[in-house]
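Please read the structure below before turning to the comments.
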Amino acid sequence: MRAWVVEDNDQNFELVEYLLSEAGWEVARATSGAELRALTARTGLGAEPAEPDIVLLDMNLPDASGLDLIVALRAHSALATVPVVAVTAHAMRGDRERCLAAGCDAYLSKPIDPATFLGEIAALAGARRR
Ligand code: MN
(Lines give C-alpha, C1' and ligand atoms only; values in the text may rest on other atoms or scores of the structure.)
Protein backbone atom coordinates (compact mmCIF):
# COMPACT_ATOMS: atom_id res chain seq x y z
CA MET A 1 0.00 0.00 0.00
CA ARG A 2 1.14 3.49 -0.76
CA ALA A 3 0.43 6.68 1.16
CA TRP A 4 1.00 10.30 0.29
CA VAL A 5 1.65 12.27 3.46
CA VAL A 6 1.23 16.02 3.11
CA GLU A 7 2.84 17.50 6.21
CA ASP A 8 5.12 20.50 6.75
CA ASN A 9 6.14 19.56 10.30
CA ASP A 10 9.11 17.17 10.37
CA GLN A 11 8.29 15.59 13.73
CA ASN A 12 4.72 14.87 12.74
CA PHE A 13 5.87 13.46 9.42
CA GLU A 14 8.52 11.25 11.01
CA LEU A 15 6.01 9.64 13.37
CA VAL A 16 3.55 8.93 10.56
CA GLU A 17 6.30 7.67 8.26
CA TYR A 18 7.64 5.40 11.00
CA LEU A 19 4.24 3.86 11.73
CA LEU A 20 3.39 3.36 8.06
CA SER A 21 6.76 2.03 6.92
CA GLU A 22 6.96 -0.42 9.86
CA ALA A 23 3.68 -1.83 8.55
CA GLY A 24 5.06 -2.13 5.02
CA TRP A 25 3.58 0.98 3.46
CA GLU A 26 5.41 3.05 0.87
CA VAL A 27 5.36 6.71 1.83
CA ALA A 28 5.77 9.77 -0.38
CA ARG A 29 5.90 13.16 1.27
CA ALA A 30 4.83 16.62 0.23
CA THR A 31 5.75 19.46 2.58
CA SER A 32 3.52 22.10 1.01
CA GLY A 33 0.56 22.67 -1.19
CA ALA A 34 2.94 23.37 -4.08
CA GLU A 35 4.64 20.00 -3.61
CA LEU A 36 1.30 18.22 -3.46
CA ARG A 37 0.23 19.94 -6.66
CA ALA A 38 3.50 18.80 -8.27
CA LEU A 39 2.86 15.18 -7.20
CA THR A 40 -0.69 15.45 -8.47
CA ALA A 41 0.43 16.83 -11.83
CA ARG A 42 2.69 13.78 -12.40
CA THR A 43 0.10 11.21 -11.35
CA GLY A 44 -1.31 9.02 -14.06
CA LEU A 45 1.65 9.70 -16.34
CA GLY A 46 3.63 6.63 -15.26
CA ALA A 47 5.94 8.74 -13.09
CA GLU A 48 6.97 8.08 -9.50
CA PRO A 49 5.45 8.21 -6.99
CA ALA A 50 2.55 6.21 -8.35
CA GLU A 51 -1.06 6.79 -7.45
CA PRO A 52 -1.60 6.46 -3.68
CA ASP A 53 -4.03 4.23 -1.79
CA ILE A 54 -4.60 7.04 0.68
CA VAL A 55 -3.69 10.70 1.14
CA LEU A 56 -3.08 12.17 4.60
CA LEU A 57 -3.52 15.91 4.29
CA ASP A 58 -2.36 18.34 6.96
CA MET A 59 -4.88 21.16 6.78
CA ASN A 60 -2.39 23.73 8.08
CA LEU A 61 0.26 24.23 5.41
CA PRO A 62 2.38 27.32 4.86
CA ASP A 63 1.22 28.06 1.35
CA ALA A 64 -2.21 26.59 0.78
CA SER A 65 -5.66 26.00 2.15
CA GLY A 66 -6.23 22.32 2.81
CA LEU A 67 -9.80 22.74 1.64
CA ASP A 68 -8.59 23.99 -1.76
CA LEU A 69 -6.16 21.06 -1.98
CA ILE A 70 -8.93 18.54 -1.35
CA VAL A 71 -10.89 20.06 -4.21
CA ALA A 72 -7.81 19.92 -6.48
CA LEU A 73 -7.23 16.23 -5.66
CA ARG A 74 -10.84 15.40 -6.38
CA ALA A 75 -10.64 17.16 -9.74
CA HIS A 76 -7.84 14.81 -10.91
CA SER A 77 -9.24 11.77 -12.68
CA ALA A 78 -6.70 9.37 -11.14
CA LEU A 79 -7.27 10.71 -7.62
CA ALA A 80 -10.99 11.35 -7.57
CA THR A 81 -11.74 8.21 -5.56
CA VAL A 82 -8.61 7.96 -3.40
CA PRO A 83 -9.46 8.24 0.30
CA VAL A 84 -8.30 11.58 1.72
CA VAL A 85 -7.87 12.03 5.45
CA ALA A 86 -7.78 15.59 6.75
CA VAL A 87 -5.34 15.97 9.65
CA THR A 88 -5.40 19.02 11.87
CA ALA A 89 -3.86 20.19 15.12
CA HIS A 90 -6.57 22.62 16.13
CA ALA A 91 -9.91 20.94 16.02
CA MET A 92 -12.28 23.85 15.70
CA ARG A 93 -16.01 23.67 15.68
CA GLY A 94 -17.16 22.97 12.15
CA ASP A 95 -13.72 21.86 10.86
CA ARG A 96 -14.77 18.28 10.45
CA GLU A 97 -17.92 19.24 8.55
CA ARG A 98 -16.01 21.66 6.31
CA CYS A 99 -13.43 19.00 5.44
CA LEU A 100 -16.05 16.39 4.70
CA ALA A 101 -18.06 18.84 2.61
CA ALA A 102 -14.92 19.66 0.58
CA GLY A 103 -14.52 15.99 -0.30
CA CYS A 104 -12.35 14.34 2.33
CA ASP A 105 -13.36 10.94 3.72
CA ALA A 106 -12.23 11.22 7.30
CA TYR A 107 -10.81 13.60 9.81
CA LEU A 108 -8.00 12.96 12.29
CA SER A 109 -6.93 15.41 14.96
CA LYS A 110 -3.32 15.66 16.11
CA PRO A 111 -1.53 14.39 18.02
CA ILE A 112 -1.68 11.13 16.12
CA ASP A 113 -2.43 8.20 18.42
CA PRO A 114 0.08 5.46 17.50
CA ALA A 115 -2.17 2.82 19.08
CA THR A 116 -5.08 3.42 16.71
CA PHE A 117 -3.54 5.19 13.69
CA LEU A 118 -2.64 2.20 11.52
CA GLY A 119 -5.97 0.47 11.98
CA GLU A 120 -7.85 3.62 11.00
CA ILE A 121 -5.68 4.24 7.95
CA ALA A 122 -5.86 0.63 6.76
CA ALA A 123 -9.66 0.62 7.07
CA LEU A 124 -9.99 3.86 5.12
CA ALA A 125 -7.56 2.76 2.41
CA GLY A 126 -9.62 -0.38 1.91
CA ALA A 127 -12.79 1.62 1.37
CA ARG A 128 -12.37 3.63 -1.83
CA ARG A 129 -14.99 6.16 -2.72
CA ARG A 130 -17.36 5.38 -5.54
MN1 MN B 1 1.13 21.92 9.32
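Residues take their numbers from the sequence shown, with the count starting at 1. Atoms within each ligand, like the ligands themselves, are counted from 1 in listed order. All figures in this text were calculated on a predicted structure; none of them were measured in a lab.
Side-chain N/O atoms of S32 and D8 include no donor and acceptor closer than 3.5 Å. No side-chain donor-acceptor contact under 3.5 Å links E17 and S21.
If you take SG on C99 and CD1 on I70, they are separated by 5.0 Å, rounding to the nearest 0.5 Å.
Across all non-hydrogen atoms, the minimal contact from G33 to L61 is N-CD1, 4.1 Å.
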Exercise for review: Please report the C-alpha distance between R37 and D68 in whole Å, then the side-chain angles of each, then the deciding distance to 0.1 Å, and finally whether the salt bridge (charged side-chain N to carboxylate O under 4.0 Å, His left out) criterion is met.
Suggested key: CA-CA 11 Å; R37 290 180 191 278; D68 289 344; 5.4 Å; no
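Of the residues listed (T40, V84, V55), the one engaging L79 in a side-chain contact (heavy atoms from CB on, under 4.5 Å) is T40, and it is the only one.
Here 3 is the count of protein N, O or S atoms positioned under 2.8 Å from the Mn ion (ligand 1), waters not counted.
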